[in-house]
Undergrad: 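Encoded as structure tokens, here's the structure I'll be asking about.
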Amino acid sequence: MEPSADGDFTIDESVAASVFRDIALVARRMGLVFLPGLSSLRAELRDWELWGPLFICMSLAVILSVQATDAASVVFSIVFLIVWVGSAIVTMNAQLLGARISFFQTVCLLGYCVFPLLISSSLCLIFNHFLTRSLAVVLRFSVVAFSILWSILAAGGFLSDAEIPPGKLGLALYPVVLFFFSIGWLILLGFQQDQQTQQPQSGPAVGAGSQASPTPAA
Amino acid sequence: MGKGNPFAEADAAASSGPTPAPDIKPSMSSPASSSSMSFGAAVRSHGASSGSRVKRMFAQRDAGSSEDEEDGGQGSGVGVSSWARRVDDDARGEPKVWQLRFYQQYFDLTMSEFLMRVLWAIIPCKPIYGWATNPEDADAAPDENPDPDLYAPIWLTTTLVLLLSVLANIAVFFRNLFQMHNAVELGHSGVDIRNLWLAACIMYGYVFLVPLVFFVLQPCAGVSVPFVNTVCVYGYSLAPVIVASLVCIVPITLVQLIAMGTGFIVSTWFVMFNVWRAQSVEHKSLAYFAKLLSGILHAALGCVLTFLFFVR
């Protein structure tokens, strides 16, 4: 058997080499989500693979289900459901608009673009653990909002390289916007902090408020 | 050496415009290998990813069918069907109702057109389509007689469904967020599927079944409006409701009532203005009755939504 034009048979290489090559590909694509604008986005969309989306969605689902102590399995399955059903819907919408994109390409695209939301959920985990409540709330909102925006921009960058007819990029991108908003909302719901642990702090404030209110009436 | 030959072929094919080997093929067939590659060469050239390796092995099976993936190859993109399609696009004939291609005619609008139509829905002073009373006038002034689209009924309804299910529990969410003292437990401001399911059933049922009722009642009034036109009207009528729902984030009941009331007044006016519009109607009184009925149904929807999702 002859070697190929660019190297050996991949079937002969060691498992470690295969694994590291795929890890390098996943890492490279995750980097592309953060730094779009490089040249070969269309090639990335064409050569879809599912390792990256699996890793990202699994991490996000694990983080969210660990936070949701009572509905952990529901949350875990909802993340995967949103990703797969959302990708199917985005694909159908894009095809109806005349783009030539397939289901697995969309899964790959949306899976990678969830990466900023994964980072924001990890940050929310850290904020809840280390910061005071009000600061954590503000930071959670701003981080999740910022990551939603970044995900949308990254997905828009990838989609604009796909073959969408002119003038319809916004129409094809709108379901993607809804998709990221729903995942962002899931993250915000999942990281709400429990009320009971904060009761002693809100007591004095409530007492001061109720004492202040009768005085204008008097 | 290097990744030269197979990818150079594919890149050359990609950059030369419409060729038999397109850039993006649906699903499992590999676009990175042109159809002329032999199976041996396909196996030997390894790509950077496992997916493309798998796809190149399947490329041989699809080598014969790559010719059909021209401009018309926009059918179902999911996997297996691309292997089965061996015919040319011309031989596929007119798209049937159960094929995705059939509905592409209803998605033939640009972003700016869509936004203009949404604007005319929120400020309904201009009919959404059909000023002409007969097809000759309709063809003569195409700008004033745009074709209906299905993008709005689907996506405005979906937006409203998601908004309603999010806003249903947003009072609890904010109470927990701002640690107000009468919010007892974290509990069920979490993922609540019941509200989503309820909103989805109500909204999709309304936007697609009420036009069906009108479609069925058409022969009695001598009207012949296509089903899609009425669905389009009902789809765009949700645009003021979406704006009103966004205002309803404010947890004050009075603000919510005023906002939803205003939204549904505008929306009802839009529906009554556009349903069965400008058709040569033989039975005028029946047409007016139908418009009144549509208005009453829309107002009923408004009450249902307001008291189910906002005012508790």
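By convention in this document, chain letters (A, B, ...) are assigned in the order of the sequence lines, proteins followed by strands, and residues within each chain are numbered from 1.
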Undergrad: Test side-chain contact (heavy atoms from CB on, under 4.5 Å) on A:Leu171 and B:Leu109; report intermediate values, then the result.
TA: CA-CA 9 Å; A:Leu171 298 179; B:Leu109 78 168; 4.0 Å; yes
Undergrad: Does atom CZ (A:Phe141) have a neighbourhood of more than 12 heavy atoms from anything else shown, all under 6.0 Å?
TA: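 Atom CZ in A:Phe141 is crowded, with more than 12 foreign heavy atoms closer than 6.0 Å.
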Undergrad: Going from CE on A:Met92 to CD1 on B:Ile154, what distance comes out if it is rounded to the nearest 0.5 angstrom?
TA: 8.0 Å
Undergrad: Which bit of A:Phe181 is near chain B, if near means a heavy-atom gap under 4.5 Å: side chain, backbone, both or neither?
TA: neither
Undergrad: How far apart are the closest heavy atoms of A:Gln95 and B:Gln104, and which atoms are they?
TA: O-NE2, 2.8 Å
Undergrad: Passes side-chain contact (heavy atoms from CB on, under 4.5 Å), B:Tyr106 versus A:Leu96? Steps please.
TA: CA-CA 8 Å; B:Tyr106 297 122; A:Leu96 283 169; over 6 Å; no
Undergrad: Taking only residues two or more places apart in sequence or in another chain, which ones pass ring pair (Phe, Tyr, Trp, His ring centres under 6.0 Å) with A:Phe80?
TA: A:Phe76
Undergrad: Can you tell me which of A:Ala71, A:Pro175, A:Ser182 forms the most heavy-atom pairs within a distance under 4.5 Å of chain B?
TA: A:Pro175
Undergrad: Does anything in residues 160-167 of chain B reach chain A? List residues with heavy atoms under 4.5 Å apart, or say none.
TA: B:Leu162, B:Val166
Undergrad: Considering only heavy atoms, which portion of A:Pro165 lies under 4.5 Å from any heavy atom of chain B: side chain, backbone, both, or neither?
TA: neither
Undergrad: Is the CZ atom of A:Phe55 crowded by more than 12 outside heavy atoms at less than 6.0 Å?
TA: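 Atom CZ in A:Phe55 is not packed in, count stays at 12 or less.
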Undergrad: Taking all non-hydrogen atoms of both residues into account, name the closest pair between B:Phe107 and A:Leu97 and its distance.
TA: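 For B:Phe107 versus A:Leu97, the nearest heavy atoms are O-CD2, 3.4 Å.
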Undergrad: At a heavy-atom separation under 4.5 Å, does B:Phe114 approach chain A through its side chain, its backbone, both, or neither?
TA: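 For B:Phe114, side-chain heavy atoms alone lie under 4.5 Å from chain A.
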